[in-house]
Amino acid sequence: MPARPEPLLDELYRELILDHYKNPRHRGSLPAADVTAEGYNPVCGDEVTMQLDFDGDRLADLAIVGRGCSISQASGSMMSELVAGKSIGEIRRLSDEFKQMLTDDGAPVPKDLGDLEALQGVAKFAVRVKCATLAWHTLEDGIQQLERGGGSVAREEA
Amino acid sequence: MTYDVDVIRRDFPILERNVHGKPLVYLDNAATTQKPRSVIDRLVHYYEHENANIHRGLHTLAEEATAAYEASRLKVGEFINAEHPGQEIIFTRNTTESINLVANAWGRKNLKPGDEIVFSAMEHHSNLIPWQLIALATGARLRFIELDESGHLRRDDALAKIGERTKIVAITQMSNVLGTINPVKELAQLAHRAGAVVLVDGAQSVPHMPVDVRDIDCDFLAFSAHKMLGPTGVGVLYGKRDLLEVMDPFLGGGEMIKRVTFESSTYADLPHKFEAGTPNIADVIAFAPAIDYLQALGMDAVREHERDLTQYAIDALERVEGVTVYGPKDATERGGAVTFNYGDLHPHDLSQVLDAEGVAIRAGHHCAQPLMRELGVVATARASFYVYNRTDEVDALIDALGAADRIFGNASTARAAAR
Ligand SMILES: Cc1ncc(COP(=O)(O)O)c(C=O)c1O
């Protein structure tokens, strides 16, 4: 048996992804958060719950907890590093960019996605794309909820 | 005849292929099985030499195709020991459609508010959703028999739930998640004593062990050809003749009628009353060599082979640190669907790594979400065996778990401990 997995698999499970999976960033809770957003994918059982603290239209801080596959959890962790401190407009732009990267295998990789660029390989594994986008969809819901006056929001991926 | 897996394997062309440069280790047989050369050849032969619509034409091809189609029906009926194979075997698309047929054609006529439909906590969605729908339509109530710690139906609960109000008991004979073999014969006795009818979901049992409908004394039995070496697109519904005769049709259309006016029709005799429209002729015909294949091996031998392999797999998996196996641990009480988890590793990650090693397993909720909740998990991995699997394939599975461990390290166990 080979000591190393196939290159194909290496593309999916990059070191950076495994690092985020094993040591998730921004893990925990923010008791005074403006918004709590939960995302759940009943097909895989992936879950993320994030608390979002805004300062005007800037995401001042966030905390995430979750359970699920490495891709879903690593994506949430990477996202948390990228979006902390950014404006809502900027977050929405990055979210679109990220989703574009995952659905268009041939497109050039954007340069401003930070560690999330490591998830580019997911585009080759169609069934895993939903895992990678769960945290982002949940964050978008959270932002909408802020615009509705804050509180809690939950989503179930179809 | 001795059971020689190496000889059997030569009959399955697909087992020669590689996946990601590794020999295919196919352990997803509970989802669908591979097909022997004889089944594949039969399909080709049909389309090259016999193709015609059945029960309609008065030409040679139509007559030949009709004869082959009806011969399959008789073979299927004899395989499960139906008393009237020519009338009691109805071809559908799959187990799911067979159960929907009963839920609608029997259920609409026989269920009313206050009546109870009893199933178990280990049903596949196929034997759950049709009953939920018919309960909504008729006002009948759903009740389910609970499981004990070891993954068996609780006998006391079966006794408590099956009673005067029970109109139908719909139970799987072999769980596609836990592997548990249920005492359907005893449940049928209970049900009949209460005046209820019994439907057995045989999707996992009929392919893997001898099943005799007269011995069980079930009223209906549903199963799928594709899980027993046969083609996709063919399901079977066995029903006792007396019951089928008084049921209304499920689907209306051609083939299922005798006389039609604009206002009304009279229906064809059994089994055609339940086979509206052009059926899946080619696949029904190619189902026959699949049954021939199983009969040549002998269903007792098939069961024995899988029982030994299943025990080997359960023992090997339980020796791996961090692995949890669900369901009965004694292979004499269960079939060859072995569901497990590996530490905190999500089954989708596990299955992806195994795939890179050529090992095909299933990961997810196995169409049994209520059971997953009972087990306290959202998803599991499942290895399931069939006539052509060998112990060295179980070894390959165990080795591949090592590959997963190398990638994810002890992250899984460490994370679990940190929570
Ligand atoms: C126990 C059980 N019942 C029903 C089914 C449904 O079978 P099909 O998809 O062929 O309708 C399956 C298989 O998926 C099964 O394992």
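Residue numbers begin at 1 in each chain, while the letters A, B, ... track the order of the sequences.
With rounding to the nearest 0.5 angstrom, the NE2 atom of B:H348 is 12.0 Å from the CD1 atom of A:I71.
Applying the 6.0 Å contact sphere to CZ of B:R9 captures more than 12 heavy atoms from other residues, nucleotides or ligands. More than 12 heavy atoms of other residues, nucleotides or ligands sit less than 6.0 Å from atom CD of A:E147. Remark: B:F144 CZ is loosely packed, at most 12 non-hydrogen atoms of other residues, nucleotides or ligands lying under 6.0 Å away.
Of the possible donor and acceptor atoms, one in the side chain of B:H346 sits under 3.5 Å from a partner among the backbone N and O of A:C44.
Annotation: side chain of A:L9 is not in contact with side chain of B:H20 (no heavy-atom distance under 4.5 Å).
Annotation for A:V43 and B:H365: closest pair O-CD2, 3.6 Å, computed over non-hydrogen atoms. In terms of heavy atoms, A:Y21 sits closest to B:D344 at OH-O, 4.0 Å.
No other option in B:L350, B:D349, B:D355 has as many heavy-atom pairs under 4.5 Å with chain A as B:D349.
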